[in-house]
Structure formats: structure tokens, C-alpha cells
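For reference, the structure is listed below as C-alpha cells.
The basis for the numbers below is simple: all heavy atoms, side chains too, and nothing from hydrogens, waters or symmetry mates.
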Amino acid sequence: MDNLSSYEHRSVLESTPSANCHSMTAFSTQALAREPHAKSLRWFVVALVILFLICGGWGAMTAFKYAQASLGNWRQQLQARDASSNPLAGDLPPVKKDFYGTLAGLKIVGVTPDSPAARAGLKFGDILVAYNRRPVSNQDEISAAMDYEQEQYSRTGKPATVELTLYRDGDMALKTLRVPTGRLGIYTREWTFAYAFVDDAIMQRNDYAEAERYANQAEASGQYTADQLLHMRMFCVNNERDGEAIRQSQVDDLYQKSPADKVTLFGNYDLLYNKRFRAAAAVFERYLKIRKVDVSTELNLAACYVELDRYDDADALLKKVLARPNGDENAPSEYGLSVLSNIRGKIDMGRHQYDRAQERFLAALERYPGDSYYVLAFLYCAAQRDVKGEKPGEFEAAYKVVSGQLGETENSMGYHLDALRAFIFVKHNRTPEAAALVSKWKNSAEAKRYIPVFWSRFPEGSNIIDNWNNLLHGLSGKT
């Protein structure tokens, strides 16, 4: 996954703990539920031995018969509990007949390189629907299932692997993979049949009417929760430049039908995450009319303004946030200040003040060494100053400054660095050297997917994308 944004919402099932990880350390409720039975059984055996010593054979035989009946009851209770905690049969249809079903799962939106998930063959777009035959449709459920299996492995040493049940590539036949017990190393988002249809209608075809029809049908089916329906309605908010009247009416409807805090939370999850900035800005602006002040929403709104080239509005909002005294409940935290600095760097870039932006990103790297986004933003500013003649040779000088911090960035996302270098080489009439860099990535699916996505978020990033694509086209023409 191109994990470059320092403040995008995401859920993480990482193989190693980090500041971004969703906590998964508590034992599952199923495991805790078994513990009283185990303790009772141990005490019963002790009592049986004592009774044998006191009452002789007849008392022991009576106790033994009682024990048989009690153990039978306990076994039935445990089996019933196992069945209730493992309701796979009947809940996961092998073939998709329509999108009304309540089937939900976790869509994989990123796989950490060289993680257990990557080694097992999991990939972007896979839909996880069960973990070791326990259905999972949200973070809490998969966390509980993982914790339980890990606890079982710690106690018994078996099994060392678990079975993942998933759908892949639109094929609704169930597939299974085995992975080691423990953290997987994936990024996930909740998913349902209807949400997938709404997502596809909006993101692939920009067809609002079709998306609304799917959402209406899902609501009429009565098989979706209020939260699931809100996710779908949020996605349908108009994001077009000329859709202001429709957008405002939709936002009014959302806030009338759902709690305000939930609407703005889902706006972050469904709109800002998917870069639907006009729709997200409308949601956040309305929330601030209700709440007046809320630092996280203000920072999200400022981020939207930057993406919409509304730099003055973003700047004014950030000044308002910074004016609050320390101790104010809506003064920015340390993390909030880092997000704010990131947004200000983007404002400077948008105004083509690359020297100021470069200073901001360097300061951010002093606080967060090796952060992928800050590294690449710092180098981007240096590249722009280099090709514009403001400071020739600045890119290589900047590269030396951060070379010690690159680490995983250079190993797994070196195509971004090569895209910048190729851009500079072409500007300096060194096209053969640029082509040699691009040639390394001509068969890389990740490079083809992420270079246009990532660099489109920079004010003059289209130049880097066009340069990259032109070089790729030239390479394919030679073959």
C-alpha cells in the first residue's frame, strides 16, 4: 500500500505494533467465557477425590455418576457456545445472487511488504469474511478472533496457522488461504454488498443516480444497519464543481437523519479518505455551524480547502486554530500541530513558494524522521527549485540531507524517487538517463498505480506524471 499520508484514516492489522495500529491485545470474550467452566471442573475433581477418601467406593460411585451427568451438561454448553461463536454455515453464501444480502466483510486496501499477509498471497481488493471460520465484518470482530486464536496457540502450541475465508476479483465463490497465527500486516475497511455497488457506481462511473438507486434498494430491504446506510448515503453526496445546490440539500438531509458527530466522522471515513474534497468540505462546514469549534474538523476542512486551491480560506482557518491559548480544549495537540504544519507546507507549495514549503517539511522531518510523506514532499520542493533554476543542484543536495532517513521508503517506494529524478533529468536534457530510471519500473503494477495517484496531489505534480508516462510510452515503443 502506498502509505504516504500522515493523517489519512485507516484501520491496521499490522504484524508489529506501531502508533497507527488498532489495539488487539485483549483476550476475546469467547475465551473468557470458557474460564469459569475450567475452574469449576478442576474443583470438582478435587472434591471427587476427597469424597472417595471420606465415603469409600459407594460415595465415589454416586459422585462419579453425578460427574458424568455434569460433564455432559458442560460439554453441551461448550459446544453450544462454540456453535454460537462460529455461525459460518448459512451466513456466507457461496454465490452472489443480488446485493440485498447482509454479508459484510473487511476489504483489504493495503498489504505491508514481506508481511505474513503478503507471503500468504493476500492482495488489495480481497474481501475477508471469516477468520478461522468465524465471520468478521468489522475491526472488533477480527480483533477478537485473532486474540482468541493467539491465546489458544500460546496455551497449546496448536494450531500454528489459521484459515482466512475471502472473496477475490468479483468472484463470489469462497476462497481460503492459511496464514500464521498473529498479526497479518494489512490495512482494511468495512465492506458490504450494497456499499460495494454504491462505491463502484461513484468511483468508477461517477453515476450518482445509480448509486442512489442502490442505496434506496438497500434501505428498502431492511437488511442493513443505520451505520451501513449512512456510509452509502455519504458516498452519494455530490462532489461536482457545479453541484453545490444538490450537495447542500444532501448534507442537510444527512444531518437531519443522523447524529452530527457520526456524520462528520463518516465524512472523514468515506469522503476525505476517497479524496472527494468538495463533498467533504460541505459536510465539515455544516458541522462547524453546529459545533462552532472543533479542532479535528477544522484541520480536515483546511485540508479540503488546500486540495480545492482555496489557500486563503485554509490559511485563515489555521490561524484561527493557532490563536487559541494552550489548555483550550480545541487547541491543537502535538499531533495536530504536525498536521497543521503539513497543511501549511501544502499551502506554500500551492502558492509556488517552494523554499518556504521545503523548510516546513524539513522541520517536520526533525519531529518525525523518515516519515514517507514528509521525505517525498521535501524532495519535491527541492526538485521544483532545481528545475526552475531557483537553486540548481538542490535536489541532490536535499537527497543527501534525508538519505539516512529513507529506509523502507527507498526499498519499497523507490519509484517515487526515480520519478522525481527522471523529471529533473529530462528538464536538464539528460533523457537517456531518465529513461534508464523509468525502465526499472516498467513492469511494476504498484508504480503504474501509485505514481499518478500520489503526484496528482501536488500543485505541479501533473508534470511529473506526464514525464513518467511519456518515458514509459517511449520504452514500450522501442519494444
> Considering only heavy atoms from C-beta outward, does the side chain of Leu318 approach that of Ile347 to under 4.5 Å?
Replying inline: yes
>> Test salt bridge (charged side-chain N to carboxylate O under 4.0 Å, His left out) on Arg351 and Asp315; report intermediate values, then the result.
In response: CA-CA 12 Å; Arg351 292 169 172 168; Asp315 209 10; 3.5 Å; yes
> Under the side chain to side chain contact (heavy atoms under 4.5 Å, CB included) criterion, do Arg344 and Leu322 qualify, and how do the steps go?
Replying inline: CA-CA 12 Å; Arg344 280 202 148 168; Leu322 285 171; 3.6 Å; yes
> Just by distance, do the side chain of Glu298 and the backbone of Leu317 share a donor-acceptor pair under 3.5 Å?
Replying inline: no
> Counting N and O atoms only, with roles assigned by atom type, does the side chain of Asn274 sit under 3.5 Å from a partner on the main chain of Asp270, one being a donor and the other an acceptor?
Replying inline: yes
> Is it true that a side-chain atom of Ser221 and a backbone atom of Ala218 form a donor plus acceptor pair closer than 3.5 Å?
Replying inline: yes
> Taking the six-membered ring of Tyr399, is the NZ or CZ of Arg421 close enough (under 6.0 Å from the centre) and on axis enough (within 45°)?
Replying inline: yes
> Does Lys175 come within less than 4.0 Å of Asp126, counting only side-chain N to carboxylate O?
Replying inline: no
>> With rounding to the nearest 0.5 angstrom, report the CD to OG1 distance, Gln139 to Thr188.
In response: 4.5 Å
>> For His416, run the ring pair (Phe, Tyr, Trp, His ring centres under 6.0 Å) check against Tyr373, Phe454, Trp441 and tell me which one passes.
In response: Phe454
> Taking 4.0 angstrom as the limit, do Arg247 and Glu244 come out as a salt bridge?
Replying inline: yes
>> Between Arg367 (side chain only) and Glu334 (backbone N and O only), is there a donor and an acceptor less than 3.5 Å apart?
In response: no
> Do any N or O atoms from the side chain of Ser249 and from the backbone of Ile246 form a donor-acceptor pair under 3.5 angstrom?
Replying inline: no
>> One thing to verify: whether Arg233 and Glu212 come together as a salt bridge, which I'm taking to mean a side-chain N less than 4.0 angstrom from a carboxylate O.
In response: yes
> At what distance, to the nearest 0.5 angstrom, does CZ of Arg360 lie from NZ of Lys346?
Replying inline: 14.0 Å
> So do the side chains of Thr431 and Phe425 get within less than 4.5 Å of each other, counting heavy atoms only?
Replying inline: no
>> Show, in sequence, the C-alpha distance, side-chain angles and deciding distance for Lys123 and Arg168, and conclude whether the side chain to side chain contact (heavy atoms under 4.5 Å, CB included) test is met.
In response: CA-CA 9 Å; Lys123 65 180 185 177; Arg168 172 173 287 175; 3.6 Å; yes
> Nearest 0.5 Å, what's the OH-CD1 distance between Tyr305 and Ile343?
Replying inline: 12.0 Å
>> Pair Thr192, Met232 - check side chain to side chain contact (heavy atoms under 4.5 Å, CB included), show working.
In response: CA-CA 10 Å; Thr192 66; Met232 297 178 217; 4.1 Å; yes
>> So does Ser338 get a backbone contact from the side chain of Ser341, meaning a donor-acceptor N/O pair under 3.5 Å?
In response: no
> Are Leu166 and Ile127 close enough, and set up right, to give a side chain to side chain contact (heavy atoms under 4.5 Å, CB included), and what steps lead you there?
Replying inline: CA-CA 5 Å; Leu166 57 97; Ile127 311 297; 5.8 Å; no
>> Looking at Tyr354, is its backbone amide N or carbonyl O close enough to the side chain of Asp348 to form a donor-acceptor pair, meaning the two atoms are under 3.5 Å apart?
In response: no
> Between Asn239 and Tyr208, what is the shortest heavy-atom contact and its length?
Replying inline: N-OH, 2.9 Å
>> Can a side-chain donor-acceptor contact be found between Asp309 and Tyr311 if the only test is distance below 3.5 angstrom?
In response: yes
> Is there a side-chain contact between Asn206 and Glu240, using heavy atoms and a 4.5 Å cut-off?
Replying inline: yes
>> Between Arg134 (side chain only) and Ala145 (backbone N and O only), is there a donor and an acceptor less than 3.5 Å apart?
In response: no
>> Just to verify, which of Glu394, His352, Glu460 counts as forming a side chain to side chain donor-acceptor pair (under 3.5 Å) with Lys388?
In response: Glu460
> What residues, two or more places apart in sequence or in another chain, satisfy salt bridge (Lys or Arg N to Asp or Glu O under 4.0 Å) together with Asp114?
Replying inline: Arg119
> Is Asn342 close to Tyr374 at the side-chain level, that is, under 4.5 Å between some pair of heavy atoms?
Replying inline: yes
>> Once rounded to the nearest 0.5 Å, what's the spacing between atom CG of Asp466 and atom CZ of Phe423?
In response: 10.0 Å
> Should Tyr224 and Tyr195 be marked as a ring-ring contact (aromatic ring centres under 6.0 Å, His included) after you check the CA-CA gap, both sets of side-chain angles, and the distance that decides it?
Replying inline: CA-CA 10 Å; Tyr224 291 86; Tyr195 187 88; over 10 Å; no
>> Testing the basics here: between Met146 and Leu184, what is the closest heavy-atom pair and its distance to 0.1 Å?
In response: CE-N, 4.2 Å
>> Please find the pair of heavy atoms, one from Asp418 and one from Trp468, that lie closest to each other, and give the distance.
In response: C-CZ3, 4.2 Å
> Is any side-chain heavy atom of Arg278 closer than 4.5 Å to a side-chain heavy atom of Arg241?
Replying inline: yes
> Quick one: are Phe124 and Val111 in side-chain contact, heavy atoms under 4.5 Å?
Replying inline: no
> Lys448 side chain to Lys442 main-chain N or O, any donor-acceptor pair under 3.5 Å?
Replying inline: yes
> Is a side-chain donor or acceptor of Gln228 paired with a backbone partner of Thr225 at a separation under 3.5 angstrom?
Replying inline: yes
> Going by heavy atoms in the side chains, are Phe266 and Leu271 under 4.5 Å from each other?
Replying inline: no
> Does the separation of the ring centres of Trp455 and Tyr380 fall below 6.0 angstrom?
Replying inline: yes
> Looking only at heavy atoms, what is the nearest atom pair of Ala357 and Cys381, with distance?
Replying inline: CB-SG, 3.6 Å
> If you take all heavy atoms of Leu254 and Val263, which pair is closest and at what distance?
Replying inline: O-CG2, 3.7 Å
> Are any of the side-chain heavy atoms of Leu308 and Asp313 separated by less than 4.5 Å?
Replying inline: no
> Looking only at heavy atoms, which two atoms of Asp207 and Ile202 are closest? And how far apart?
Replying inline: O-CD1, 4.2 Å
> Between atom CD1 of Ile465 and atom OG of Ser456, what is the distance when rounded to the nearest 0.5 Å?
Replying inline: 5.0 Å
> So, Tyr153 and Glu149: side-chain donor and acceptor under 3.5 Å apart, yes or no?
Replying inline: no
> Got a second to check how far Asn463's CG is from Phe458's CZ, nearest 0.5 Å?
Replying inline: 13.5 Å
